[in-house]
Amino acid sequence: MPRVVLGVAGGIAAYKAVELLRQLTETGHDVTVVPTDAALAFVGAPTWAALSGKPVSASTWDRVHEVPHVRIGQEADLVVVAPATANLLAKAAHGLADDLLTNTLLTARCPVVMAPAMHTEMWEHPATRANVATLRSRGVLVVEPAVGRLTGKDSGKGRLPEPEELAHLVRQVLARGSADLDLAGRRVVVSSGGTREHLDPVRYLGNRSSGRQGHALARAAVARGAEVVLVSSSGLPDPAGVKVLKVTSAQEMHDAVLAEARSADAVVMAAAVADYRPAERLAVKRKKTDTLDVEFVQNPDILAALVAARGQGQIVVGFAAETGDDHATVIEHGRAKLARKGCDLLVVNEVGESGHPTGFEGTHNAATVLGADGSTTDVPLVTKDALADVVWDLVAARL
Ligand code: PMT
């Protein structure tokens with residue numbers, strides 16, 4: 001059972017850490033909660049103790065015979081601090097050790113994830129920026145806060161990402177089993193979901209993409225230290241630490257991806273983009289007729305546009321949702337598509353009817369990743385998270 005230390009600093013988002021604790025224990029993690037005194041002012045020790053099944057203290061002076069200020073950090077497989085306040089970030093950056101949590105951070109040799117939450121002004125203050133940069137330079141995974149409602153009536157950057165997404169990120173880092181942030185300092189753009197091409201205000205043409213594979217790619221890139229932009233037409237929750245741009249149609253996805261790609265080190269097109277859209281989008285609901293004639297026009301090919309516009313050293317990855325037919329196998333179709341599209345890597349996944357084990361909708365996928373250099377990487381049926389890590393391994397090796 002992976003041993004996780006959940007550090008909780010004194011911010012109002014401490015109440016969300018209760019749900020994070022629940023998510024982690026429910027998915028088979030042995031969690032030790034180490035709050036600060038200020039965190040205990042928001043959520044009391046009985047809550048943490050009851051949900052973790054362990055005694056809880058903020059102090060180095062309790063159960064001294066067990067040497068908790070050293071033991072807890074040494075025994076951990078991962079430390080996650082959520083929320084991490086500006087004060088906690090400052091203490092950690094400067095190596096202060098005046099309570100159990102800051103001592104634990106100094107003794108831990110496992111991956112450390114910090115999820116800051118604070119008001120926008122505090123997050124943007126040069127002191128906090130410098131502390132975050134120091135922690136990142138030491139290999140701490142400092143997750144970008146979410147944008148949205150803050151404590152009071154105000155909104156902005158500084159929200160703690162949703163507990164379920166933080167728990168997913170923790171599992172992703174643990175599954176990788178490494179604190180190696182090989183995408184640190186890199187900016188990546190990922191697309192996810194199926195585009196919707198509207199006929200009128202009510203109806204659209206879409207496809208079965210859930211967005212799961214693209215979201216997994218975004219999450220995996222965060223876990224490896226990248227700055228991540230996700231351009232998505234999916235309704236899935238925003239992954240922790242990701243800037244999400246919501247789009248609907250292929251044209252909107254084209255505009256957002258191309259704009260974000262200008263300063264990106266890598267772009268991964270996992271979205272299922274409609275090749276065609278209705279020539280006309282009616283302003284009023286189309287009335288029922290015996291037959292329906294709709295003229296379609298081609299959408300822009302985003303992947304082709306990315307390849308044409310790419311800067312020096314940028315890696316462009318496409319996906320191919322393929323079915324075999326009388327003319328060629330899935331892989332033969334994939335090779336032809338790689339040659340046509342001109343990207344660096346093409347992740348070929350077979351798709352089929354609903355219930356097919358790979359491709360659309362499910363939690364798992366299998367693929368063959370074809371490289372423009374002639375390489376072939378077979379990935380058996382694994383979680384979409386695991387496939388995402390294979391894709392980033394291949395990207396990281398090319399960057
Ligand atoms: O979202 P999930 O339910 O998890 O499902 C995942 C997935 C099956 C959607 C994903 O793994 C996948 O295969 N995505 C690509 C689907 C697709 O559109 O394949 P394609 O063979 O039609 O397109 C090839 C590539 O060109 C893709 O990278 C696509 O994003 C891109 N494309 C396609 C058309 C277009 N107009 N512009 C594009 O950029």
Side-chain angles (χ1 to χ4, degrees), residues 189-197 205-220 230-237 239 247 249-258 260-261 266-277 296-310 315-325 328 330-370 372 379 381-388 390-391 395:
V189 178
V190 177
S191 68
S192 78
T195 61
R196 292 179 175 193
E197 310 300 327
L205 287 135
N207 62 64
R208 286 174 39 217
S209 170
S210 63
R212 278 193 167 133
Q213 186 61 74
H215 274 53
L217 280 152
R219 202 179 292 114
L230 177 64
V231 180
S232 181
S233 52
S234 149
L236 292 177
V247 295
S249 65
Q251 185 63 54
E252 286 172 16
M253 185 170 277
H254 170 274
D255 296 349
V257 167
L258 267 287
E260 292 294 334
V267 186
V268 182
M269 284 296 299
V273 185
D275 288 316
Y276 299 92
R277 65 175 182 276
F296 288 93
V297 294
Q298 259 193 27
N299 272 325
D301 188 321
I302 305 170
L303 194 55
L306 282 167
V307 169
R310 81 170 132 190
I315 304 297
V316 179
V317 183
F319 267 69
E322 286 295 348
T323 53
D325 55 28
V330 167
I331 298 302
E332 285 164 351
H333 279 303
R335 282 192 206 290
K337 193 169 277 185
L338 176 64
R340 262 197 329 273
K341 299 265 185 178
C343 47
D344 299 285
L345 294 164
L346 190 75
V347 185
V348 185
N349 49 187
E350 187 172 352
V351 294
E353 295 297 323
S354 212
H356 193 273
T358 66
F360 294 116
E361 294 163 342
T363 54
H364 287 61
N365 208 353
T368 299
V369 189
L370 303 175
V379 188
L381 190 64
V382 290
T383 62
K384 286 183 174 173
D385 292 336
L387 174 57
V390 175
V391 172
V395 170

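Note that the numbering runs from 1 along the sequence shown for the chain. This is a predicted model, so every value here is computed, not measured. Order of appearance sets the numbers: ligands from 1, and atoms from 1 within every ligand. Computed from heavy atoms alone, side chains included, the values below leave out hydrogens, waters and symmetry copies.
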| said: What's the separation between atom OG1 in Thr358 and atom CG in Asn349, rounded to the nearest 0.5 Å? | reply: 6.5 Å
| query | Any sub-3.5 Å donor-acceptor pair from Lys337's side-chain atoms to Ala321's backbone N or O? | reply | no
| message | Only heavy atoms of Arg212, strictly under 4.0 Å: list the atoms of ligand 1 that pass. | response | 1 (O), 2 (P), 4 (O)
| Element-labelled atoms of ligand 1 that are located less than 4.0 Å from some non-hydrogen atom of Ser209 | 1 (O), 2 (P), 3 (O), 9 (C)
| said: Ignoring hydrogens and geometry beyond distance, is a side-chain donor-acceptor pair present between His254 and Asn299 at under 3.5 Å? | reply: no
| request: Look at atom CZ of Arg196 and say whether more than 12 heavy atoms of other residues, nucleotides or ligands are closer to it than 6.0 Å. | output: no
| task | Verify the neighbour count for atom CZ of Phe296: are there more than 12 heavy atoms of other residues, nucleotides or ligands below 6.0 Å? | result | yes
| request: For atom 6 (C) of ligand 1, find the nearest protein heavy atom and state the residue, atom name and distance (0.1 Å precision). | output: Gln213 CB, 3.7 Å
| task | Between Lys341 and ligand 1, find which residue part has any heavy-atom pair under 4.0 Å and reply side chain, backbone, both or neither. | result | side chain
| In terms of side-chain geometry, is the basic nitrogen of Asp301 or Arg340 positioned less than 4.0 Å from the acidic oxygen of its partner? | no
| request: Show which atoms of ligand 1 fall inside a sub-4.0 Å distance from at least one heavy-atom site of Ser210. | output: 1 (O), 2 (P), 3 (O), 4 (O)
| field | Proximal ligand 1 atoms for Ala270, defined as those under 4.0 Å from one of its heavy atoms | value | 9 (C), 10 (C), 12 (C), 14 (N), 15 (C)
| field | Test item: Ser249 side-chain N/O and Glu197 main-chain N/O as donor-acceptor pair under 3.5 Å | value | no
| remark: Any heavy atom of Ala271 under 4.0 Å from ligand 1? The part involved is backbone
| message | Show me which atoms of ligand 1 lie under 4.0 Å from any heavy atom of Gly318. | response | 28 (O)
| What is the closest protein heavy atom to atom 39 (O) of ligand 1, and at what distance does it sit? | Leu303 N, 2.8 Å
| task | Hey, could you give me the CG/OG1 distance between Asp275 and Thr195, rounded to the nearest 0.5 Å? | result | 8.5 Å
| What protein heavy atom is closest to atom 25 (C) of ligand 1, reported as residue, atom name and distance in Å? | Phe319 O, 2.9 Å
| query | For Asn299 and ligand 1, does the shortest N/O to N/O distance drop below 3.5 Å? | reply | no
| task | Kindly identify the option in Gly359, Gly193, Ala304, Ala321 whose heavy atom sits closest to atom 5 (O) of ligand 1. | result | Gly359
| message | Does only the side chain of Glu322 get under 4.0 Å from ligand 1, or the backbone, or both, or neither? Count heavy atoms. | response | neither
| query | Which atoms of ligand 1 are found less than 4.0 Å from any heavy atom of Gly211? | reply | 1 (O), 2 (P), 3 (O)
| query | Among Lys337, Arg208, Glu361, which one has a heavy atom closest to atom 20 (P) of ligand 1? | reply | Lys337
| Quick check: does any side chain N or O of Asp255 sit under 3.5 Å from a backbone N or O of Leu258, one acting as donor and the other as acceptor? | no
| Value rounded to 0.5 Å, distance of CG in Leu217 from CG in Asp385 | 9.5 Å
| What closest approach, in Å, do Arg277 and Pro300 show between heavy atoms, and which atom pair accounts for it? | NH1-CD, 4.1 Å
| Top protein contact for atom 34 (C) of ligand 1, by heavy-atom distance | Asp275 OD1, 3.2 Å
| message | Minimum distance, heavy atoms only, to atom 37 (N) of ligand 1: which one of Ile302, Leu338, Asn349, Leu306 is it? | response | Ile302
| remark: atom 18 (O) of ligand 1: closest protein heavy atom, distance to 0.1 Å, is Ala272 CA, 3.3 Å
| remark: Looking only at heavy atoms, the pair that brings Ser192 and Gly214 closest together is CB-CA, 3.5 Å
| request: Classify the contact between Pro300 and ligand 1 as side chain, backbone, both or neither, using a heavy-atom distance cut-off of under 4.0 Å. | output: backbone
| task | Check ligand 1 against Lys384 and write out every atom of the ligand that is under 4.0 Å from a heavy-atom position of the residue. | result | 2 (P), 3 (O), 4 (O), 5 (O)
